[in-house]
Amino acid sequence: MQTLTLSNMLHQHFPDALHFSLLKSSKTHQETQQLHAFSLKTGVFSHPSLSSRLLSLYADPNINNLRYARSVFDRIQHPSLVLWNIILKCYIQNQQSHEAISLFVLLLGHFPPDEFTFPCVIKACAKLTALKEGKQIHGLVLKLGFGLDKFVQASLVNLYSKCGEIGSGYTVFDQMDEKDLVSWNSLLDGYARCGEVKAAMKVFDEMPEKDCFSWTVLIDGLAKCGEVETARKIFENMPNRNLVSWNTMINGFMKAGDTNSACKLFDQMPTRNLITWNSMIGGFKLNLRFLEALEMFERMLEEEFRPTHATLVSVISAVSGLASLGTGRLIHSYIVKNGIELDGVVGTVLIEMYSKCGGIDSAVTVFRTISHKKLGHWTAIIVGLSIHGMADHALKLFLEMRRIGVKPNAITFVGVLNACSHVGLINDGYKYFNMMINEYGIKPAIEHYGCLVDILCRAGCLEEAKDIIEEMPMRPNKVIWMTLLSGARNHRNTKIGEYAAQYLIELAPETTGGYVVLSNMYAVAGEWEKVSKVREMMKKRGLRKDPGCSSIEHKGVVHNFIVGDKSHPQTKEIYSKLAEMREKLKLAGHVPDTSQVLLYIEEEEEKEAELENHSERLAIAFGLNNTEAGCPIRIMKNLRVCSDCHSVTKLLSKIYSREIIVRDNSRFHHFKDGLCSCKDFW
DNA sequence: GTAGGGTTAG
């Protein structure tokens, strides 16, 4: 009824005084807006007390409409400091910390700030962990004599705690006359964030009173310092848990890799919110439990929670981990259907997802449709193109990003160097490696040296690669040795191969890949005695060659095949397709390359049969049988594709006129018209 | 004043 009366009254002119009293009594957003519209229409708006009242209504936490508050503020000719403080507070309430700081800078041009201004802007700095700006403002606080105001002090304690400068935080805290609970909690939080568990515990014990925040901050701090068991005990003893404490404990368990305890809490907790779901989904993703992450996401949607960007990032990364293009497409279409805008990170993980799932074309499309491209987007597409062997495209984009002034980071350079190595561009590799150091001041990490070693190995410059390894400033890891070993195998350099294998086995005796490559190298050289020595070494250490395993997704189902698999329901059809493939390959003139068969099979025929049953061939046969002509076949493999399968797949792509995309343990191969995108460089 | 998001070499 009140609204009705109001709108009736609004049709007439009111004297300012009456209007003001109406505003004073208006409580809801709707009423405020009606009065706002009326004020604008009748011109009474210009009355300073009316506009102030209107501004404070819009800035009121219950209404909190920043857009309207700002528009009222902008129409006020000479806003007082009080009004500046109100609009500043409204920015903070709306999490617009950057804008709040800009506003504060503007304010400085009109007034010296007061004891209400400072806590607001310091809060903004704390939110952004902007320590430098915070310190400058602290300086101003002291200069203007607000250093002993308790609200200013409390905000400073919080600022320094958030920014990891707990020493400065303690100095301010120590000077406080009245140490309020909020500041105690901030101090506790500060120690926990700095990893000073003992100091945090001491603060916790010394606190004159504790509330839910205190307990939760301590639990979070303990969990973040890796003391999840202590955190669990605190959580169990805590008197009044709220939703935040439950969520904090769940996160603690997830970060510690204890998904079971996290699930138990999730089941037990009285209520859940978005953050609960995000913590579970992100936690499963973090622990590489991708399927469970997706299941959680489905449950979340069933319970009608709307995913946030954080949810989507975790879910999309989980899809990348599963390399399930079908699922990735579903989630992408969910994003489009629901009009969810891609923020920087979601866009980046979407590009990564498509490229890791073998859909590099879609990755490029997503990249193209992003209007304000950030470093993450450029890096993701450059890395994506490089693992697909599309070096030209990757390097073209790299030049473009430089041209428009986007500064590459260390990861971008991994992509760039990787692109060079996958197509054998030695000179470019060196050029970009030096560019990274000299032009961008990026210190090469082991990954960059890894790329350089790889570039040299592929080009057959094994001695040079060995020199790089010996001269680089960090200890080589197993990836480096594996790269050199594989290079030696490819270029039939047994001496360097043995050298690399020795270090590799010393460093990571449990890595089966090393023994396999070493033994293959001996097999190629016909040194069968050494082959059996390697085999014995593996046997003695209880190691077995990982079985090759390939998967193909069809109509939302992932079909897995291991070498010689006969467990698939379509086994009969698959093997008859394999027989057909064998005939067609023979007609095309293919001679099986049995030189790298690790197993002890004396008869050539058996060796050939072993090759024919390699998991990727079973998957290809399944793909040819089950997918439409013209539809690319995408296969994911756990091991490196053997050289025979590589030449066979090239031929098959021509014989059956099919694009076949195979991801092995390090990159993608696009087989088309009898050629592979890796140009046999892999 | 407390809880939730991605990145790299074999």
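Below, each value reflects all heavy atoms present in this structure, side chains not excepted, and no hydrogens, waters or symmetry copies. Here is the naming used below: chain letters follow the sequence lines, and residue numbers restart at 1 for every chain.
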May I ask you to say what A:Leu417 touches in the nucleic acid, namely base, sugar-phosphate or nothing, with a heavy-atom cut-off under 4.0 Å?
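Since no nucleic acid heavy atom lies under 4.0 Å of A:Leu417, the category is nothing.
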Which part of the nucleic acid, if any, lies within contact of A:Asn665, taking any heavy atom under 4.0 Å across all strands shown: a base, the sugar-phosphate backbone alone, or nothing?
nothing
Residues that [X] engages under ring pair (Phe, Tyr, Trp, His ring centres under 6.0 Å), provided they are two or more places apart:
X	value
A:Phe398	A:Phe413, A:Tyr432
A:Phe290	none
A:Phe204	A:Trp215

A:Asp205 and A:Lys210: CA distance, side-chain angles, deciding distance, salt bridge (Lys or Arg N to Asp or Glu O under 4.0 Å) verdict
CA-CA 9 Å; A:Asp205 290 338; A:Lys210 300 174 179 66; 5.4 Å; no
Whole angstroms only, please: what is the [atom1]-[atom2] distance between [X] and [N]?
X	N	atom1	atom2	answer
A:Asn477	B:dT8	CG	C1'	12 Å
A:Asp664	B:dA9	CG	C1'	14 Å
A:Asn520	B:dG10	CG	P	19 Å
A:Leu639	B:dG10	CG	P	15 Å
A:Ile455	B:dG10	CD1	P	11 Å
A:His448	B:dA9	NE2	P	10 Å
A:Arg667	B:dT8	CZ	P	17 Å
A:Ile446	B:dG10	CD1	P	13 Å

Mind listing the side-chain donor-acceptor pairs of residues 315-323 of chain A below 3.5 Å, one per line with the distance, residues two or more places apart or on another chain?
unit_1, atom_1, unit_2, atom_2, d
A:Ser317, OG, A:Val313, O, 2.7
A:Ser320, OG, A:Ile316, O, 3.3

Name all pairs fulfilling the salt bridge (Lys or Arg N to Asp or Glu O under 4.0 Å) condition that reach into residues 449-459 of chain A, sequence neighbours left out, sorted by first residue then second.
A:Asp454-A:Arg458
Can you run down the salt bridge (Lys or Arg N to Asp or Glu O under 4.0 Å) pairs that involve residues 265-285 of chain A, sequence neighbours left out, and say none if there aren't any?
none
Members of residues 498-506 of chain A that approach DNA chain B, where some heavy atom sits under 4.0 Å away:
none
Treating primed atoms plus P, OP1 and OP2 as sugar-phosphate and everything else as base, which nucleotides of nucleotides 2-7 of chain B get B, S or - for protein heavy atoms under 4.0 Å?
BBBBBB
Going by the angle between their ring planes, with limits at 30° and 60°, are A:Tyr191 and A:Tyr170 parallel, tilted or perpendicular?
tilted
I need the full list of side chain to side chain donor-acceptor pair (under 3.5 Å) pairs touching residues 467-476 of chain A, with sequence neighbours left out, sorted by first then second residue.
A:Glu470-A:Tyr499
